[in-house]
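Scroll down for the structure; my scribbles are underneath it.
Because the structure is a prediction, the values reported are computed rather than measured. In each ligand, atom 1 is the first atom listed, and ligand 1 is the first ligand listed.
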Amino acid sequence: MSVTFLKRSIWQRILGISATDKPGDPGGWRYGAGTLFIDLARVPELTRPGGAVRFEGQGLPQRVLVVLDEDGQYRAFKNRCTHLGHRRLDYVPGTGTVQCCSLNKSTYTFDGQKIHGPAPRPIMPYNVELSGDQLSVKLV
Ligand code: FES
């Protein structure tokens, strides 16, 4: 599998500035009982194939990256590169990969395996379920 790098400036990479935003509506999601619940009616960023959103704070025990890939499949990952900077990840559209926002660009497949960069371990994908407009990401 070849690796595609997101176009980011050197400063964005040095500072670890993720290309992926938080949801525009902070009330469009909640965490409870080990699950991240996302109301897609309020998080339209995740209704367009190729869309991605990062969820963090608001009691969430870890950062989570959620992606709607071009095949219409939802994917979710612990949003923490396993390299020592532990920086955030971004979806690389059309590639089936997510990539660390740092200079070293560790890159992982959708099943979490590293295919590029210095990261020593896989990342953790989460199970995702869609029911109507509600997306549930099980973190435990
Ligand atoms: S923190 Fe991800 S490659 Fe260094």
With a 4.0 Å cut-off on N to O distance, would you call Arg75 and Asp69 a salt bridge?
yes

So which bit of Ser106 gets within less than 4.0 Å of ligand 1, heavy atoms only: side chain, backbone, both or neither?
both

Please could you name the atoms of ligand 1 that [X] approaches to less than 4.0 Å, counting only its heavy atoms?
X	answer
His86	1 (S)
Ser102	2 (Fe), 3 (S), 4 (Fe)
Cys81	1 (S), 2 (Fe), 3 (S)
Asn104	3 (S)
Gly85	1 (S)
Arg87	1 (S)

Residue pair Arg88 / Ile17, side-chain heavy-atom distance below 4.5 Å:
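Not in contact.
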
Output field: ring centroids Phe37/Trp29 closer than 6.0 Å
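Between Phe37 and Trp29, the centre distance exceeds or equals 6.0 Å.
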
Checking one value in my table: which N/O/S atom of His83 lies closest to atom 4 (Fe) of ligand 1?
ND1

Phe55 reachable from Val128 in the ILVMFWY side-chain graph, under 4.5 Å edges
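Both belong to a single hydrophobic cluster.
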
Is it true that the NZ or CZ of Lys114 lies under 6.0 Å from the centre of Tyr108's six-membered ring and within 45 degrees of the ring axis?
no

Got a second to check how far Leu135's CG is from Leu36's CG, nearest 0.5 Å?
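These two atoms lie 7.5 Å from each other.
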
Got an N, O or S from Cys100 under 2.8 Å of atom 2 (Fe) of ligand 1?
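Yes, since at least one N, O or S atom of Cys100 sits under 2.8 Å from atom 2 (Fe) of ligand 1.
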
Is there a side chain to side chain contact (heavy atoms under 4.5 Å, CB included) between Asp90 and Val98? Walk through the geometry before answering.
CA-CA 5 Å; Asp90 292 310; Val98 295; over 6 Å; no

